[in-house]
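Worksheet: one structure, shown below.
Please read these numbers as outputs of a predicted model, since none were measured by experiment. Sequence lines set the chain letters: A, B, ... in the order given, protein chains first and strands last, and positions in each chain run from 1. Reckoned from all heavy atoms, side chains included, excluding hydrogens, waters and symmetry mates.
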There are 2 protein chains.
Amino acid sequence: MKKDATTEEKIKEAAKQVFMAKGFAGCSSREISKAAGMNVALVNYYFRSKSQLFKIIFETAMEDFVTSMMTVFSSDQSIENKMRIFIDREFEFLSKHPELPVFIITEMNREEGCSIDHACFFEKIAASGIFNECAQAQAEGKMREINILSLTLLIMSNCQYPIMAKNLMQGIHGISDEDYTSNLLLHKQNVTDMLVNYLFPINSKTTK
Amino acid sequence: MKKDATTEEKIKEAAKQVFMAKGFAGCSSREISKAAGMNVALVNYYFRSKSQLFKIIFETAMEDFVTSMMTVFSSDQSIENKMRIFIDREFEFLSKHPELPVFIITEMNREEGCSIDHACFFEKIAASGIFNECAQAQAEGKMREINILSLTLLIMSNCQYPIMAKNLMQGIHGISDEDYTSNLLLHKQNVTDMLVNYLFPINSKTTK
DNA sequence: AACTATTTTAAACACTTGTTTAAAACATAT
DNA sequence: ATATGTTTTAAACAAGTGTTTAAAATAGTT
């Protein structure tokens, strides 16, 4: 009987994979324990309940989600460069964690999901000052003056939806996984150009 | 005992509400039958199984989803006007069916969901000729020359994500349902302007 | 009204689920 | 080696699940 954290970590890792793929309701404690190669009773021994385990996994996912954005926010760059880098980073991050946006959005839409306190995560974004920075750039005429929610939506829609709707798009266009992935790289350039074009019209003549 | 279709319709309607809100795995036959005010055995009597009922609901949802787009495709308008109308229609349609995109995307991501034949729905989109029409407009220099998948993604990302990520956005920006809904109307204009700006650069000086 | 067909109901069934329990196995301390 | 603490296992438990079954209720036909 090993006293180290291996069992707990194994269950957490398995839970992360299974919960992200199937959501809370879509998988059982037994499925998770089987994926971890551990006895099902250990879910309760280490995490007290399936719900508690889920809470931990969800919060870690939110943390990763927010952290993937934060590194750009605090960098010493113009707001336009920040957006360019943000888009690059987001496409790269999501190519490695493709289930993340769907997971977060669907579990936030779930009633029980809403009971998990998300405020701490979102406050980090606000605390980064990125929204103030955007408002400042707008006031100085460096960026199109649209409201901050709309700005967030324009950027995040174009970064996250292509990953989320992969299967839908493959169905509509009849293309393979490989083709979709390679097309995403090209698409990222279109996203960047379009957003720069619209949000930074003064500078956007360089992108045709 | 009534011989009309009321029972069957009641169960279908209840199933639509519950499946769309919670997905296949997130609700039970008993929950659906309770929502319909009917006995649980009737799910099997009328639809043979929970799975078959789900298949019918999902296919109807796909039909609605595709139909919401098709009316614009076949109209006699310029490709730019079609896109403008498409955006209008999509925002309006999704304001009435906010669970639809998340439902379709998550159930398409589910393993069993992929076994449902979606090809017939997607073929309708291709058969509408809208993709050919876009290619033609691009060849004639009326529209930016980007690949059709990228075009689909740019448009659909900006129409659907704002609805899907409502709870996430409300969390990040700390706003209420009412505020979010009213902001979406403003956002739609930004979406239209941005897309026209990028896809129809020759015509886009009228949108600033 | 009697017979037949259909719909509905409630119980039963076999299985799954999250959780608890108690014992076995292992680790640590003396 | 013994005692104590921790981890793991497997069984048991109560509740939930999708489905089936048989009877009751209703509808339709003669």
Looking at B:T7, does any N or O in its side chain come under 4.0 Å of the phosphate oxygens OP1/OP2 on C:dT7?
no

With sequence neighbours excluded, tell me which residues meet side-chain contact (heavy atoms from CB on, under 4.5 Å) with B:N132.
none

Would you mind reading off the distance between B:E9 atom CD and C:dT7 atom P, rounded to a whole angstrom?
14 Å

Rounded to whole Å, please give me the gap between CG in A:L53 and C1' in C:dT17.
15 Å

Excluding sequence neighbours, so at least two apart, what forms ring-ring contact (aromatic ring centres under 6.0 Å, His included) with A:Y180?
none

If a pair satisfies salt bridge (charged side-chain N to carboxylate O under 4.0 Å, His left out) and one of its residues is in residues 23-41 of chain B, list it, with sequence neighbours excluded.
B:K22-B:E31

Compare side-chain N and O positions of B:S51 against OP1 and OP2 of D:dG18 and report whether any pair is under 4.0 Å apart.
no

My understanding is that only residues two or more places apart in sequence, or in another chain, count here; which of them pass side-chain contact (heavy atoms from CB on, under 4.5 Å) with B:S95?
none

Rounded distance (Å) that lies between atom P of C:dG18 and atom OH of A:Y45
21 Å

Expected output is a numbered-order residue list: members of residues 27-42 of chain A with a heavy atom under 4.0 Å from any atom of DNA chain C. What is it?
A:C27, A:S28, A:S29, A:R30, A:V40, A:A41

Given D:dT6, D:dT19, C:dG18, identify the nucleotide with an atom nearest to the side chain of A:K50.
C:dG18

With sequence neighbours excluded, tell me which residues meet salt bridge (charged side-chain N to carboxylate O under 4.0 Å, His left out) with B:K166.
B:D177

Using a heavy-atom cut-off of under 4.0 Å over every strand shown, decide if B:S49 touches base, sugar-phosphate, or nothing.
sugar-phosphate

Provide, to the nearest angstrom, the distance between the CZ atom belonging to B:F47 and the P atom belonging to D:dT20.
16 Å

Write down the distance between CZ (B:F54) and C1' (D:dG18), rounded to a whole number of angstrom.
16 Å

Find the distance B:N44:CG to D:dT17:P and express it as a whole number of Å.
14 Å

Give a yes or no on whether a salt bridge exists between B:E107 and B:R110, defined as a side-chain N under 4.0 angstrom from a carboxylate O.
yes

